[in-house]
Protein chains: 2
Amino acid sequence: MRIEKNVKCEDCPLKCDIYLTSREMGMESMLNPAYVYYKKFETICRQGGKIDNSTVILKGNAKMFVSGHCSRNIILNILIPSNYIGLVSLYGLPDYPYSVAALEDCHTCQINNDAIEQIYQKNEHFMKLLNHSFGHSVSNIIDKLISLNQKHIRGRVAESLLYLSKVYDSECFKLTITRRELGELSAISEENTVRVLTDFKNENIINIDGREIELVDIEALSRISLNC
Amino acid sequence: MRIEKNVKCEDCPLKCDIYLTSREMGMESMLNPAYVYYKKFETICRQGGKIDNSTVILKGNAKMFVSGHCSRNIILNILIPSNYIGLVSLYGLPDYPYSVAALEDCHTCQINNDAIEQIYQKNEHFMKLLNHSFGHSVSNIIDKLISLNQKHIRGRVAESLLYLSKVYDSECFKLTITRRELGELSAISEENTVRVLTDFKNENIINIDGREIELVDIEALSRISLNC
DNA sequence: TCTCGACATTGATATTAATCAACTATTTTA
DNA sequence: TAAAATAGTTGATTAATATCAATGTCGAGA
């Protein structure tokens, strides 16, 4: 982790959103964003830690995960540039309910929650957006709950692959996560993750070359993902 | 389901909260709460259905659950008088992410969301509360996610019993749910639910007499619940 | 009171997925 | 570059839980 000086961040969504409103309200000078750089594997925020800022990923991938019992992790999301951390908890929780760790070197932009809170205290539109995002969080986690509990490993891996395809916005992508982490995304063991991937390959549903994955038969993946 | 006329609801928390603010803002007359009665087993709201009101349980128990694949259910919460339905989704989601069904005959108070929204549009305090409640929802479901995925059935049943003890606010309570539903609360089969209950009884951790359950050794239950 | 149906219980079996063990391939680092 | 660490793979075994089958119990209603 390193604070970066003299960063010019043209396309920082957090700054844009907040910057515009703060200027509108003449509170522009309060923002003082910090640009923070994390090396691969570094922790960006830790489950149980105090939330005191809103962070947006500018560059690099990160994983949002929860540490369960026996230090077994479940990955909730893969974060890509423009994704927020912490904002979902503004006014909500004092502590992070999850951890975030860098999968690659990550550049972030962080703004203190006090500043955001003061600016948005009377901004109904922003609060609505925040609530909306909360609602979707609840909905996503409920979906995950059902998947993990009721789908078999083939369905869970298929779902994860389809999810990653959406995240990377292509049917052909290079994984930023290990097989173990792909397992944690589906909440199954590393070994079974590999086995299912191999099966899918042999069934000509996907192509694998190391971390390069190509979804060949999306139709089949969707069908497998929906079966329980 | 039956709309009840001429109900006097002295201790309706929804009405109180909203009533006070609406009076403050001179919008009292917009509320028009409906008092609705549901017979045991009736659906109070259905997963995927449009959310157009906020409902508070005045009397009776209900279950909040999600229907997964193969119409297998997972119960998220048991609702008791004073618990809200739908409010958590105000501004958030257009559709219910869960269903609620009456476990007993239930009396409810329902207020149209449009009315609440207009009253609270500029009420920062209420929005904060709403966000706070959202944060806790996320947090609770994440906990459930970890439990279901990483705890064994003994731990999950122990956790459910401790949860029910909190809901019913006593170490000795009469279940409002069947064994099957107790299983759905722990996301395990009915048969294994019975087996674990019987084991707990033989280990003198609980006493069972039909639907009457007494938690004898809470210490042990907590320990079992925390083991993975 | 009898019967039906929902609920509860128990044992046997099958299935699923985790774990263990061994090994190969690929990166990192000294 | 060699050695060590990390990542990926495969097979065998074990453990956990679901499912199936049978039976018991209780209350509501004819």
Side-chain angles (χ1 to χ4, degrees), chain A residues 39-41 63 68-75 101 103-105 147-160 174-202 206-213 224 227-228, chain B residues 39-41 63 68-75 101 103-105 147-160 174-202 206-213 224 227-228:
Chain A
K39 284 191 80 65
K40 190 175 174 177
F41 298 128
K63 59 175 177 180
H69 312 93
C70 308
S71 62
R72 270 167 45 172
N73 299 332
I74 300 176
I75 296 178
L103 291 167
E104 310 170 303
D105 292 356
S147 287
L148 296 196
N149 189 253
Q150 301 186 349
K151 284 186 187 175
H152 293 170
I153 53 172
R154 279 172 65 88
R156 307 229 287 265
V157 173
E159 187 176 44
S160 291
K174 184 170 167 60
L175 285 177
T176 47
I177 54 177
T178 64
R179 297 291 194 267
R180 163 178 289 274
E181 286 170 326
L182 181 55
E184 286 175 352
L185 188 61
S186 321
I188 62 177
S189 69
E190 182 182 359
E191 295 93 325
N192 281 332
T193 306
V194 171
R195 268 184 269 266
V196 171
L197 285 179
T198 308
D199 289 348
F200 283 174
K201 186 184 180 177
N202 293 336
I206 62 172
N207 271 329
I208 321 176
D209 179 18
R211 294 220 180 157
E212 297 280 355
I213 292 190
I224 293 168
N227 278 354
C228 57
Chain B
K39 286 193 77 68
K40 190 174 174 178
F41 300 127
K63 60 174 177 180
H69 312 94
C70 307
S71 63
R72 269 166 44 173
N73 299 332
I74 299 176
I75 296 178
L103 291 166
E104 310 171 302
D105 292 356
S147 287
L148 297 196
N149 189 252
Q150 301 186 348
K151 284 186 187 174
H152 292 170
I153 52 172
R154 279 171 64 89
R156 308 227 291 263
V157 173
E159 188 176 44
S160 291
K174 184 169 169 58
L175 286 177
T176 48
I177 54 178
T178 64
R179 295 292 193 268
R180 161 178 290 273
E181 286 169 325
L182 182 54
E184 286 174 350
L185 189 60
S186 321
I188 62 178
S189 68
E190 181 181 0
E191 294 93 325
N192 281 331
T193 306
V194 171
R195 269 184 268 266
V196 171
L197 285 179
T198 308
D199 290 347
F200 283 173
K201 186 184 180 177
N202 292 336
I206 62 172
N207 270 329
I208 320 175
D209 178 18
R211 294 222 179 156
E212 296 280 355
I213 293 191
I224 294 168
N227 279 354
C228 54

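Letters go in sequence order (proteins before strands), and every chain restarts at 1. Values below: every heavy atom of this structure, side chains too, minus hydrogens, waters and symmetry copies.
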Atom-pair distance (CG on A/Leu182; C1' on D/dT9), nearest Å: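 Taking atom C1' of D/dT9 as the reference, CG of A/Leu182 is at 14 Å.
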A/Glu190 CD to D/dA7 C1', straight-line distance once rounded to whole Å: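 Rounding to the nearest Å, CD of A/Glu190 and C1' of D/dA7 are 7 Å apart.
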Boundaries of the chain B footprint along DNA chain C (any atom under 4.0 Å from a heavy atom):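 Nucleotide range in contact with chain B: C/dC7 to C/dA12.
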Does [X] have any side-chain hydrogen bond (donor to acceptor under 3.5 Å, both in side chains) partners at least two apart in sequence or in another chain, and if so, which?
X        : value
B/Asn192 : B/Ser189, B/Arg195
B/Ser147 : B/Glu159
B/Asp199 : none

Side-chain N,O (B/Asn192) to OP1/OP2 (D/dA18) below 4.0 Å: yes
Distance below 4.0 Å between B/Arg72 side-chain N/O and D/dT19 OP1 or OP2: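 Affirmative; the distance criterion is met.
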From B/Leu148 atom CG to A/Leu148 atom CG, the distance as rounded to the nearest 0.5 Å: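 Rounded to the nearest 0.5 Å, the CG-CG separation comes to 8.5 Å.
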Spacing of OG1 belonging to A/Thr193 relative to CD1 belonging to A/Ile153, to within rounding of 0.5 Å: 7.5 Å
Per-nucleotide protein contact string for nucleotides 23-30 of chain D, where B marks a base within reach and S marks sugar-phosphate only (heavy atoms under 4.0 Å, - for neither): --------
Protein proximity profile, nucleotides 11-16 of chain D - base contact B, sugar-phosphate-only contact S, no contact -, cut-off 4.0 Å on heavy atoms: BB----
Using a cut-off of 4.0 Å on non-hydrogen atoms, how would the nucleic acid contact of [X] be classed: base, sugar-phosphate, or nothing?
X        : value
A/Arg211 : sugar-phosphate
A/Arg154 : nothing
A/Thr178 : sugar-phosphate

Mind checking side chain to side chain contact (heavy atoms under 4.5 Å, CB included) for [X] and listing every partner two or more places apart, or none if nothing turns up?
X        : answer
A/Lys40  : A/Asp105
A/Ser186 : A/Arg156, A/Val157, A/Ser160, A/Ile188
B/Lys174 : B/Arg211, B/Glu212

Minimal non-hydrogen separation, A/Ile224 against A/Ala158, with atom names: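 The pair with the smallest heavy-atom distance is CG2-CB, 4.0 Å.
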Nearest heavy-atom neighbours spanning A/Ile208 and A/Lys201: O-NZ, 3.6 Å
Pairs meeting criterion salt bridge (charged side-chain N to carboxylate O under 4.0 Å, His left out) with involvement of residues 181-191 of chain A, two or more places apart: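 Only A/Lys63-A/Glu181, A/Arg180-A/Glu190 qualify under salt bridge (charged side-chain N to carboxylate O under 4.0 Å, His left out).
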Student check: side-chain heavy atoms of A/Ile213 and A/Asn207 closer than 4.5 Å: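 No - every pair of side-chain heavy atoms lies 4.5 Å or more apart.
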Residues forming a salt bridge (charged side-chain N to carboxylate O under 4.0 Å, His left out) with B/Arg154, sequence neighbours excluded: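 Applying salt bridge (charged side-chain N to carboxylate O under 4.0 Å, His left out) to B/Arg154 gives B/Glu203.
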The helix from C/dT1-D/dA30 to C/dA30-D/dT1: angle between end helix axes, five pairs per end, rounded to 10 degrees: 30°
